[in-house]
Amino acid sequence: MIPDRVTLVEVGPRDGLQNEGQPVSTAQKVELIHRLQAAGCTEIEATSFVSPKWVPQMADNAAVMAGITRKPGVRWSVLTPNLQGLEGALASRVDEVVVFAAATEAFSRKNINCSIEDSIERFRPVVEAAHAAGVKVRGAISCALGCPYQGAVSADEVERVVLLMKGIGVDHCGVADTIGTGTPRAAQAALERALKHYPLAEVSGHFHDTYGQALANILACLELGIATFDTSIAGLGGCPYAKGATGNVATEDVVFMLHGMGIATGLDLDALVDAAAWISGQLGRPPVARVSRALLARRGVALA
Ligand code: HMG
Ligand code: MG
């Protein structure tokens, strides 16, 4: 069942930087993206077209998209919570947009200021307009393995949102462990609900590594045949509406594990470590990624 090739969707420029407390300039974001392209990333979630009042760090979305020298073969995705966001995304010539709903009512209200059902109704015209423009729609289900406000989340609650997303024509179902409390069997149980309604190629896992469970959860998903995961360079990030949540699992850590298992990613680990060291240097701290720390130490680079 374990795939021999895995696609990693690089979400560092979006999920990683959205929560960054210090200013990150448009030029720094674009430079990071260029380094990710050079390392072989072919799926890059570059920014989000959300309200700048809610997430100020993504306010330069259009400028970031305009600043990228696009390498052929790279697909570009951005977050779009509503039609206003979609308009900006389409003007920036994206390949894919991401609508994001929560598995719990409490998180839905905190993150996008409406109920789950209302969020789905808000996405309905976004999906229609994206499809009319030839743009694919990925759905992300937040808090699928735990919620900072509700606590435990059942697989039934996840499946409810999977079905709502499917009902409005969302093409791909991403299951997200926003706060990183999920463990492998729970991850399998949640992803299996997505697999009941979406084909294997259209289901992915998005694991934050707050409790150190992300690699184990990815391995558990590989056992189901899942071959697409979101990862974040250097382990950057968190979520502004999930206090204490750390970044997504680090791209370098996942690549090291996959290559060690003989699973191809198309990514150049050394170039990823270079990109991780660069952005971490810009942010004034060492990479969170264990693999980058180890490889940089082997290169003789002193880490703080
Ligand atoms: P609202 O305040 O209820 O919406 O926010 P509104 O329609 O009343 O608009 C309020 C203001 O925002 C208006 O401006 C709108 O024009 C503006 P004003 O008239 O006050 O000057 N506005 C926008 N501006 C730019 N682009 C837009 C846009 N929409 C409205 N698209 C809304 C509702 C959904 C907009 C807001 O709650 C929002 O933007 N939320 C985004 C939250 C967010 O980005 N969270 C982080 C990303 S999700 C995530 O990290 C999870 C994920 O990684 C998976 C996981 O780990 O769980 C994907
Ligand atoms: Mg996330």
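Computed from a prediction, not measured in an experiment: that's the story for all the values here. Note that ligands are numbered from 1 as they come in the structure, with each ligand's atoms numbered from 1 the same way.
Within the 4.0 Å heavy-atom criterion, the part of Leu79 lying near ligand 1 is the side chain and not the backbone. Of all the heavy atoms of Pro81, the ones lying under 4.0 Å from any atom of ligand 1 belong exclusively to the side chain.
Side-chain atoms of Ser108 and Glu105 form no donor-acceptor pair, as typed in the model, at a separation below 3.5 Å. Gln150 and Thr104 share no donor-acceptor pair across their side chains, judged by distance under 3.5 Å alone.
Here the side chains of Gln213 and His208 are not in contact, with every heavy-atom distance at 4.5 Å or above. For the pair Leu8/Leu258, a side-chain contact is recorded, criterion being any heavy-atom separation below 4.5 Å from C-beta on.
In summary, Arg138 and Asp171 do not engage in a salt bridge, as defined by a charged side-chain N under 4.0 Å from a carboxylate O. Classification of Arg124 and Glu128 as a salt-bridged pair fails, no side-chain N sitting under 4.0 Å from a carboxylate O. The residues Glu20 and Arg285 are annotated as salt-bridged, a charged nitrogen and a carboxylate oxygen being separated by less than 4.0 angstrom. Note on Arg299 versus Asp274: salt bridge recorded, some NZ/NE/NH1/NH2 to OD/OE distance being below 4.0 Å. Using a cut-off of 4.0 Å between Lys/Arg side-chain N and Asp/Glu carboxylate O, Glu45 and Arg75 are scored as not salt-bridged.
The ligand atoms of ligand 1 that sit less than 4.0 angstrom from a heavy atom of Phe49 are 26 (N), 27 (C), 31 (N). Listed by number with element, the atoms of ligand 1 under 4.0 Å from a non-hydrogen atom of Pro52 are 24 (N), 25 (C). Those atoms of ligand 1 that come under 4.0 Å of a heavy atom in Asp15, given as number and element, are 50 (O), 53 (O). Atoms of ligand 1 found under 4.0 Å from any heavy atom of Val55 (numbered from 1 in listed order, with element): 43 (C), 44 (O). The contact set between ligand 1 and Gly85, taken as ligand atoms under 4.0 Å from a residue heavy atom, comprises 31 (N). Proximity to Asn113 (heavy-atom distance under 4.0 Å) selects the following atoms of ligand 1: 1 (P), 2 (O), 3 (O). Of all atoms in ligand 1, listed by their number and element, those nearer than 4.0 Å to a heavy atom of Ser142 are 51 (C), 54 (C), 55 (C), 57 (O). Under a 4.0 Å criterion applied to the non-hydrogen atoms of Asn82, ligand 1 contributes the atoms 27 (C), 28 (C), 29 (N), 30 (C), 31 (N), 35 (C).
Rounded to 10°, the angle formed at the Mg ion (ligand 2) by NE2 of His206 and OD2 of Asp15 is 90°.
Note on ligand 1: Arg14 sits in its first shell, one or more heavy atoms being nearer than 4.0 Å. Assignment of Ser48 to the shell around ligand 1 is not supported, since no heavy atom sits closer than 4.0 Å.
Residue Trp54 has at least one N or O atom closer than 3.5 Å to an N or O atom of ligand 1.
When the heavy-atom distances from atom 22 (N) of ligand 1 to His208, His206, Arg122, Gln84 are ranked, the shortest goes to Gln84. Closest to atom 41 (C) of ligand 1 by heavy atom, among Ile141, Asn19, Val50, is Val50.
Counting non-hydrogen atoms of neighbouring residues, nucleotides and ligands closer than 6.0 angstrom, the CD atom of Glu121 exceeds 12 such neighbours.
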